[in-house]
Amino acid sequence: AQKITQTQPGMFVQEKEAVTLDCTYDTSDPSYGLFWYKQPSSGEMIFLIYQGSYDQQNATEGRYSLNFQKARKSANLVISASQLGDSAMYFCAMREGPGNYGQNFVFGPGTRLSVLP
Amino acid sequence: GAVVSQHPSWVICKSGTSVKIECRSLDFQATTMFWYRQFPKQSLMLMATSNEGSKATYEQGVEKDKFLINHASLTLSTLTVTSAHPEDSSFYICSASPREGSTGELFFGEGSRLTVL
């Protein structure tokens, strides 16, 4: 079974608008971390935001926020005020267990976001 | 964030030759590094976990004799694609995490795009 599901293969958003990228996950481990990465066409993977399973508040990093709904096992990424440079692939990832040197990571299939001028 | 550097970014080689890709952690020591492979329009697939001073751990289905991994120091891991063939053409990307505990996020190198003629 897929541990990370991203149901939107592609998304379009108008510049300056907000967009939500969906991510659901599956784990029985009570301790886990959720991550979002951005991959532009150059190929590099850029870490955007992190949410721990025990965190009470939703994570925010600048224009990025993570809508964490633990009971529903969802961790949607919200990008506010989209910019043309936000066009990229976005991967949701989960680390099961405590954070030990990057072990036990699994990535979702990704969502390609296109920001329209 | 932590810096991981990968070299070369692009490599083109003839079928039957071997290619070495280097992954360096520039501002932290990495006892563990991870090698991923990514096919076009797909997610990252973990190939192997590189352990400093010991043998790498390969994922199921990854040929250890084809993809040689050496992690000789706390800042350098290398992936050698031996006797490369066109089907080995892909995007290879390494990653590492600088801290035990905490969030354990992965930081990635720039990636290496291999084309085997």
Side-chain angles (χ1 to χ4, degrees), chain A residues 2-10 23 29 31-55 59 61-62 64 66 68 75 88-114, chain B residues 1-11 21 23 25 28-52 57 59 71 74 77 90-115:
Chain A
Q2 293 285 341
K3 291 207 170 187
I4 297 285
T5 303
Q6 294 179 255
T7 58
Q8 308 150 315
C23 173
D29 197 317
S31 175
Y32 55 89
L34 298 160
F35 305 80
W36 278 92
Y37 287 85
K38 172 184 177 181
Q39 187 179 42
S41 57
S42 57
E44 61 188 308
M45 291 284 285
I46 303 168
F47 166 68
L48 296 179
I49 196 167
Y50 162 80
Q51 181 84 43
S53 58
Y54 296 117
D55 293 343
E61 288 288 347
Y64 304 108
L66 201 151
F68 181 45
M89 280 291 288
Y90 288 82
F91 292 98
C92 179
M94 175 174 66
R95 182 213 69 235
E96 291 183 285
N100 290 323
Y101 298 115
Q103 303 277 10
N104 303 321
F105 255 75
V106 59
F107 287 85
T111 295
R112 179 166 296 281
L113 176 67
S114 299
Chain B
V3 180
V4 177
S5 180
Q6 192 171 336
H7 177 82
S9 301
W10 296 83
V11 58
I21 301 169
C23 179
S25 55
F28 66 98
Q29 293 183 330
T31 55
T32 306
M33 290 185 173
F34 306 90
W35 287 95
Y36 289 85
R37 183 174 182 175
Q38 187 179 30
F39 292 103
K41 299 185 179 181
Q42 294 190 23
S43 188
L44 279 71
M45 179 186 75
L46 180 65
M47 298 175 64
T49 300
S50 173
N51 304 298
E52 188 268 334
T57 304
E59 296 298 302
H71 194 152
L74 287 171
S77 175
S90 192
F91 186 68
Y92 296 88
I93 190 165
C94 70
S95 66
S97 182
R99 297 182 295 276
E100 183 174 4
S102 186
T103 65
E105 71 265 32
L106 285 175
F107 292 91
F108 287 83
E110 302 89 336
S112 299
R113 199 167 300 278
L114 171 64
T115 301

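- Between chain B and the residues A:Gln6, A:Met89, A:Gln39, A:Arg112, the most heavy-atom pairs under 4.5 angstrom are made by A:Gln39.
- Aromatic ring centres of B:Tyr36 and A:Phe107 lie closer together than 6.0 Å.
- When A:Ala93, A:Gly33, A:Gly108 are compared by the number of non-hydrogen pairs under 4.5 Å with chain B, A:Gly108 comes out ahead.
- B:Gln38 touches chain A through its side chain: at least one heavy atom from C-beta onward sits under 4.5 Å away, while N, CA, C and O do not.
- Pairing each heavy atom of B:Leu106 with each of A:Tyr37, the nearest pair is O-OH, 2.7 Å.
- The distance from atom OG of B:Ser97 to atom CZ of A:Phe47, rounded to the nearest 0.5 Å, is 10.0 Å.
- In terms of heavy-atom proximity, A:Phe91 sits nearest to B:Gln42 at CZ-O, 3.9 Å.
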